[in-house]
There are 2 protein chains.
Amino acid sequence: METERDTDEGGTGTLGKAMAVLETVTLAERPMRFTDVLAVTRQPRGTLHRQLSHLVREGLLDLTPDHVYVPGLRLLKLAAASWARNDFRVVAAPHLERLHGHTGETVHLGVLRGREIIYLDKVESRQAVRMNSQIGNASPAYCTGIGKAALSALPPAALDAALRGPERRRYTPNTITALPALLAEFETVRTEGVAFDREEHEPGIRCVAAPIRDVEGTFFAGISVTGPAYRVSQEQLALWAPQVVEAARAIMAELPARLGPQR
Amino acid sequence: METERDTDEGGTGTLGKAMAVLETVTLAERPMRFTDVLAVTRQPRGTLHRQLSHLVREGLLDLTPDHVYVPGLRLLKLAAASWARNDFRVVAAPHLERLHGHTGETVHLGVLRGREIIYLDKVESRQAVRMNSQIGNASPAYCTGIGKAALSALPPAALDAALRGPERRRYTPNTITALPALLAEFETVRTEGVAFDREEHEPGIRCVAAPIRDVEGTFFAGISVTGPAYRVSQEQLALWAPQVVEAARAIMAELPARLGPQR
DNA sequence: ATGATTGTTCCATTATTTGGAACCTAGTTT
DNA sequence: AAACTAGGTTCCAAATAATGGAACAATCAT
C-alpha cells in the first residue's frame, strides 16, 4: 500500500523506523513527552510505545521520571569512539593545525553527507564560544564554504540529487537560493579551485574553503578558514586561498596511503 | 531455548542486535571487514550481511570501496545534538567554568552509566592534548574519581549490581581491585563527601571528585578537578575538595528547577 | 467524585528477520 | 590457463518479531 516511495524515506525496515523515531526525539529542540512524539510520527500508540521502549532499553534514549524522553548517553559514547578512530580526521588534523598557524583564524574540516555538511573537526585559538560547539553539527551544503567546495567537486548526477527539492532557505541577504545562480557559482568554484562564503549562511561570518575528494569518488569533503567580517576582509580571504588549497592538496595526497590498504 | 538470560544482554529484539553489531564495529580499534565482524559476532553470514547493510543504509556505518566498515557520520550528528541539548550539561557548565577559574586545573563532568563513567564535558585552559579528547569517552567507574563519587551515592542494591562480575582490571599499582577494600573506600567517600583518585586509573594523574545525584534517585554523576601528579600534590587536592563539593551542591540545587517541570 | 488526558498492556494478524545453502567474484596456486 | 580458495552477496521457506486496534490503568483538571 506504500510501495511508491523510492526517495530516501527513513522508514525502511525495523531499524529505519527506530532511527526515525530516535532522530525525531534527539533533534527536537524541546524535550518531548510520549504524546508529543505521537503527534509528530503519526504512528499507532502501541507501536510507538514499544519502539520508544526499545530505544530506552538500548540506551539510545532516556526516559526521565517525569515522562520526558531525552537523548541517551550511548550515543555520546559511540560518537566519541567514531570520532577518535576516524582516519580521515586523523590524517587531516596536523594540516588543520598548520593552516591555523598560518592564518590565526578558525579552521574547519567538514564532510558532505547528502545535502548537508557535517563538521568533523575544528581548530581555533581562544575559543570564545564553548568548546566543541561545532563538531558533529550539520549545516546545509549549498550556502557554506565547505559545502560549496564539496558540491562543486561532485559529478553532475550526484550534484543534481543534492540540489533536488525546492526548499533552499535564505539565511542572509547574501544566500544564493536560485538554482541557475548556484550552478554558475559552482562553475566558478571549479575553475578557481576555492569557494568563498560571503556571509551567505551567517551574517558577519566569511570563509574560504577548498574541496577534498578521494580517488574513488566515494566521499567529498572540504577544509576552510573562517572569520568574522569585521576582522577578515574579502581580500584577506583571497590571500589565504592558496594556503587553503595547499592544505586540501596535502590531505588528499595522504589519503590513499591511509584509507586504502587498511590491514 | 535461551530464556534464562535476564542480565543486560545486547541481543534483545531486532534493534538490540543491530546495536550490538554497530557497537562491535564502532568500538573496535582496528577497522573491520565483513569476515572480521563475522568472526566476532558469530552470526550466520546471511544474517550479518543484512544487518550490516541496514546499518549502512541508515548512515550508522559506512562501507568503504575496499570493503571496510567504518562508523558513519549520522552518529556524530545525533551525538552533537544530544550534547548540545543535554540539560544537565547546560546547567552544570557555568559551575565547571567557575571551578576551573579557582583551581586552574582541568575540570570534568561525568555521568554514571552502568559500570562506566561517560564524560559529558570538560574545561581546561590550554589544551595540550587535542580538543574534545575526553567528551563521550567511557572509563570504568570503580577506579576514577567521578566514578567512585557516583558509586558511593548509589543505593546498596544498585551498587551491588554495578560491582558484580570479577573483571576489575588493575590499571596502576594503586588501583583498588579487591571488593572489601572498594566497599571500605566508598564508605570513606560517603563520610567525607569527596572521592580522590590517587593515580588509580592513569599513572601520574590525580583528581578530587564530588558526587551529584538527582532527587528521584534516577541518575548519578560527578564533578572533578584533575591534574598531573608532578604539579598537583595530594594536599593541594584536599584543599580544593570543599570547592568541588560546593560546585556539586550548586549544580544539584539547580537541577530540579530545570529538569523537573519541563514544558 | 467525575470526566478528560496521558501512558501502558494485550494479542491475533501481518510483515520482517533468520540462517542454511547456493552463487558470484577476485585473488592464489598447481 | 585451469583448479582451488577465501571473501562477499543473493535467495527463500521457516521462525520470529513487529503491528495496531482496543481494552486497561494511572494522572490530572474540573
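If you're wondering where the values come from, they're calculated on a predicted model, not measured in any experiment. By convention in this document, chain letters (A, B, ...) are assigned in the order of the sequence lines, proteins followed by strands, and residues within each chain are numbered from 1.
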Checklist outcome for this item: CG of B:Leu183 to CG of B:Leu163, rounded to nearest 0.5 Å, is 6.5 Å

Checklist entry - Is the shortest side-chain N/O distance from A:His67 to OP1 or OP2 of C:dG7 below 4.0 Å? => result no

Item to check | C:dT8 phosphate, OP1 or OP2, under 4.0 Å from A:His49 side-chain N/O | outcome: yes

Next on the checklist: Would B:Glu29 and A:Arg85 count as a salt bridge (charged side-chain N to carboxylate O under 4.0 Å, His left out) here? Give the steps.
Outcome noted: CA-CA 7 Å; B:Glu29 55 264 27; A:Arg85 292 172 175 81; 5.1 Å; no

Checklist outcome for this item: Going 5' to 3' through nucleotides 18-30 of chain D and flagging B where a protein heavy-atom sits under 4.0 Å of the base, S where only the sugar-phosphate is that close, and - otherwise, we get SBBB---------

Spacing of [X] atom [atom1] relative to [N] atom [atom2], expressed in whole Å:
X       : N     : atom1 : atom2 : answer
A:Asp36 : C:dT5 : CG    : P     : 15 Å
B:Leu63 : D:dG7 : CG    : P     : 16 Å
A:Leu52 : C:dT9 : CG    : P     : 13 Å
B:Leu48 : D:dT9 : CG    : P     : 11 Å
A:Met32 : C:dG7 : CE    : C1'   : 16 Å

Nearest heavy-atom neighbours spanning [X] and [Y]:
X       : Y       : answer
B:Val25 : B:Met32 : CA-SD, 4.1 Å
B:Leu27 : A:Lys77 : CD1-CE, 4.1 Å
A:Leu61 : A:Pro71 : CD2-CA, 4.1 Å

Checklist entry - Which of the following nucleotides, D:dG8, C:dT6, C:dT8, is nearest to the side chain of A:Tyr69? => result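 My answer, after comparing the listed nucleotides, is C:dT8.
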
Item to check | Derivation of the side-chain hydrogen bond (donor to acceptor under 3.5 Å, both in side chains) call for B:Glu246 and B:His95 | outcome: CA-CA 10 Å; B:Glu246 166 55 21; B:His95 300 281; over 6 Å; no

Checklist entry - Using 30° and 60° as the class limits, which term best fits the ring planes of A:Tyr119 and A:His108: parallel, tilted or perpendicular? => result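 A:Tyr119 and A:His108: tilted rings.
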
Checklist entry - Do the rings of A:Phe219 and A:Phe88 sit parallel, tilted or perpendicular, given the 30° and 60° boundaries? => result perpendicular

Item to check | ring-ring contact (aromatic ring centres under 6.0 Å, His included) involving A:Phe34 - partner list, sequence neighbours excluded | outcome: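 Scan of A:Phe34 (ring-ring contact (aromatic ring centres under 6.0 Å, His included), adjacent residues dropped) gives A:His49.
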
Next on the checklist: Requiring both pairing distances under 3.5 angstrom, list the stems that contain DNA chain D and are made of three or more consecutive Watson-Crick or G-U pairs.
Outcome noted: C:1-22 with D:9-30, C:24-30 with D:1-7

